[in-house]
Amino acid sequence: MQKKLVIVESPAKAKTIERFLGEGYTVLSSKGHIRDLKEKDFSIDLDNNYKPLYEVPAEKKELVANLKKASNKADVVWLATDEDREGEAIAWHLYEVLGLNEAKTRRIVFHEITKTAIQKAIENPRTINLNLVNAQQARRVLDRIVGFELSPILWKKIKPALSAGRVQSVTVRLVVEREREINNFKTEASYRVTALFNVTDTTGKNVELKSELNKRFATKEEARAFLEKCNGTDFVVEQIETKPTKQKPAPPFTTSTLQQEAARKFSFPVGLTMRIAQKLYEAGKITYMRTDSVNLSDLALSTAKQEIITIAGEKYHTFRQYHTKSKGAQEAHEAIRPTDINQHTIEGSQQEKKLYELIWKRTIASQMSDAELEKTVISIKISDCTEKFISTGETIKFDGFLKVYLESTDDEQEQKSKEMLPKLSVGQPLELLIAEAQERFTQHPPRYTEASLVRKLEELGIGRPSTYAPTISTILNREYVDKKEIENPPTAYDLLTLKNGKIKEVRKEDKATVDKGKLSPTSIGFVVNDFLIEHFPDIMDYNFTAKVETDFDEIAEGKIEWTKSIDQFYKKFHPNVTEALENTGKKTGERQLGIDPKSGKPVFVKIGRFGAIAQIGEKSSEEKPRFASLRSNQTLETITLEEALDLFKLPMDLGEFENEIMTVAVGRFGPYVRHGKVFVSLPKDEDPLEMTLEKAIQLIKDKRTADANRQIKSFPAEDIFILNGQFGAYIAHNGKNYKIPKGKTPADLSVEECLQIIGDCEKIKTQKTSGKRSPRKATTKK
DNA sequence: CAGTGAGCGAGCTTCCGCTTGACTT
């Protein structure tokens, strides 16, 4: 019997497919790319027409060896990698590295994992599309050129270990430009007028009606004048308009919409959403989670239909086929959906359950009928006024998909109440109970969240489903952007109230709010961004990716050679690199804030070796300048002279406690109090400049009790301590930490048992390290 | 882990897209 080998990208997919194919077939996976440009080397031969120098990375050697063994034994090898640029390239690398030949190799693709789809694919093989492979090589080489030529410029001109790239740098740009919009935003005040009426409805009952004026007033005087006009005048129902509207369900999830909705509904960071989705995928609960497609398989469409009819009835079902709108989508997979649509819930962690149910609801809702609504607008005429009061209401005539699921919105404005309005008739009078004119302020555009930034990237066609979450991690790890709580101070506003014929004015205050999980640029982020925009405007253009994608498409269609396309790019790009290296000095983002009133010396802020610093005095002067690091919530761009001068008040002596001096200062890990050799971090909301001796003593005392509780048991003679740590109890000995095996009660351990555990751990460690090293050495020898 | 920013130089850092583990005391 013939031996048949199928290679796919994902192990989970391999398992499923093996089940469908049955006897005679072995299905293995490549786990993504098996070969790439060398990790730490430019690896593009510029003297040899951009020839890429590929290597199998160390961690893939074993896997490749196993694939080679299997393919040598096989009579036929099907390369079933994804149907997109990257998938085609993986197939080609497999072909090359495994030493396959045309006679025994078949290239197949499928977009859904069903028995019929797979069998059909097996029956319709093709050969590897080298044009598509070359489009991928162009993509890969371009990204390497951009990343590995730009990053070193930043190391020289700004700070070591920074990075730049086609995707990450424009991502940072989005955050930087939004922050500047916010900084330049001028809030404007206006007066919003609302009214509460008493009215008799068509059944003769007395009811209340809320209404809002169709105009806002720019000044308090105008608002007051209007309320005076309202006082004692007549109000009449002028018009009642009802119109039916429809609401459509949202399409099934793609990676980016899943990330957005999990963020809105559960506040999940995008990385968490992906980790949970990966678990669900590996357990066979959902289809592939890195996709840009909204397409559902025929099987999914028909089971969804049955399910909807069972749970809600025939009229709730509407057959819908969705089409991807996002730029550069490659649609190698289905939308994200439950593999088994009959299953409404699953077993698993709370987070897994939540995410699964969200996916289930979204999938089901996407095949349900439109919701039918009726919108009612009542306009109220005010005697002798051109302005009108307007009441709007909405009622659901048929819930349709709303029975299951409603997509959330990012809109932070208060949701307008969608209540039912009373039945009234045109011409009837209303009695005004209260009218209020409230001062409102325009809001600056919102900072991006992880998820809203991903949405923007997708909109611009920048990045891919597999890179959205990692890109966010990169710009956070490089400290170009910060995810932190941003406090909005309380805002005071004026409120005019007309009641019982009198107008009263009060000053009120909205509570302070805290923005959580919002992204804002750091000082480094600002400086790197400005440098790149100045010298590499083409790369930093939001349309750069879209432009190169059209080149890649032409390569894929065989219209142009990939090396020619890269050459055109490089000939323009590289001179910019040389120019930036040769003709620019250090870029520090230096800014003079003013003069220090004490010394009369100038005060600067700039990027130093370890980040943003403030500086008093100049280097050239006789006296050395003084330096102080900026706090994590300050940036070069926004810090004021006063705030900068405050930084120099630290470290500050607080006084003595137990014959030791106490100081307060700000270190690498934030503000702290020091007492001799003991350090204690300040609580989050505590301002170091407000620190007193009393508060500092309390902090030290608190730390002492915490330390005492930390210790479960100790054998000082043997230098063994059983301590409570972040991840539970552990043993500390000779400067090292050891895990306590499961099933042991930490408090009951004896010295002997502890020594036993320490001995065992040491043994395992040496085994692990030697075991890992030997095969690697063996492979490198070959 | 709780500074640092004199200057020099060696040696290091870096991209995007595919994929899944190993692993926290």
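Here is how names work: the chains are called A, B, and so on, in the same order as the sequence lines, proteins then strands, and each is numbered from 1.
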Do the ring planes of [X] and [Y] sit parallel (below 30°), tilted (30 to 60°) or perpendicular (above 60°)?
X         : Y         : result
Phe544(A) : Phe569(A) : tilted
Tyr281(A) : Tyr288(A) : perpendicular
Tyr570(A) : His574(A) : parallel

Under 4.0 Å between any heavy atoms, over every strand shown, what does [X] touch: base, sugar-phosphate, or nothing? Just pick one.
X         : value
Arg478(A) : sugar-phosphate
Ser151(A) : base
Ala89(A)  : nothing
Val167(A) : sugar-phosphate
Gly32(A)  : base
Thr81(A)  : nothing
Pro11(A)  : sugar-phosphate
Gly463(A) : sugar-phosphate
Phe604(A) : nothing
Ile145(A) : nothing
Gln615(A) : nothing
Tyr281(A) : sugar-phosphate
Gln136(A) : nothing

Is the distance from OP1 or OP2 of [N] to the nearest side-chain N or O of [X] less than 4.0 Å?
X         : N       : value
Thr467(A) : dC16(B) : no
Ser10(A)  : dT19(B) : no
Tyr672(A) : dG3(B)  : yes
Tyr288(A) : dT19(B) : yes
Arg464(A) : dC18(B) : yes
Lys40(A)  : dT13(B) : yes

For DNA chain B, stems built from three or more consecutive Watson-Crick or G-U wobble pairs below 3.5 Å: none

Does one side chain, of [X] or [Y], offer a donor that lies under 3.5 Å from an acceptor on the other?
X         : Y         : result
Arg290(A) : Ser466(A) : no
Tyr672(A) : Arg674(A) : no
Thr81(A)  : Glu88(A)  : no
His33(A)  : Glu9(A)   : no
Thr171(A) : Tyr480(A) : no
Asn477(A) : Thr474(A) : no
His535(A) : Asn576(A) : no

Which pairs, protein N/O on one side and nucleotides 5-10 of chain B N/O on the other, fall under 3.5 Å?
from   : atom 1 : to        : atom 2 : distance (Å)
dG5(B) : O6     : Ser629(A) : OG     : 3.1
dG5(B) : N2     : Arg609(A) : N      : 3.0
dG5(B) : N2     : Phe610(A) : N      : 2.3

d([atom1], [X]; [atom2], [N]) in whole Å:
X         : N       : atom1 : atom2 : result
Arg140(A) : dT14(B) : CZ    : C1'   : 11 Å
Lys606(A) : dT4(B)  : NZ    : C1'   : 14 Å
Lys13(A)  : dT20(B) : NZ    : C1'   : 15 Å
Leu63(A)  : dC18(B) : CG    : P     : 18 Å
Ile700(A) : dA2(B)  : CD1   : P     : 16 Å
Glu9(A)   : dG17(B) : CD    : C1'   : 10 Å
Lys279(A) : dT19(B) : NZ    : C1'   : 17 Å
Ile472(A) : dG17(B) : CD1   : P     : 13 Å

Go through the N and O atoms of the side chain of Arg139(A) and the base of dC16(B), and report whether any donor-acceptor pair is under 3.5 Å. yes

So Tyr54(A) and Gln137(A), side chain to side chain donor-acceptor pair (under 3.5 Å) or not? Walk me through it. CA-CA 11 Å; Tyr54(A) 293 115; Gln137(A) 298 203 87; 2.5 Å; yes

Trp155(A) over dT13(B), stacked by centroid distance under 5.5 Å, angle under 30°: yes

Looking only at heavy atoms, which two atoms of Glu282(A) and Ala12(A) are closest? And how far apart? CA-CB, 4.4 Å

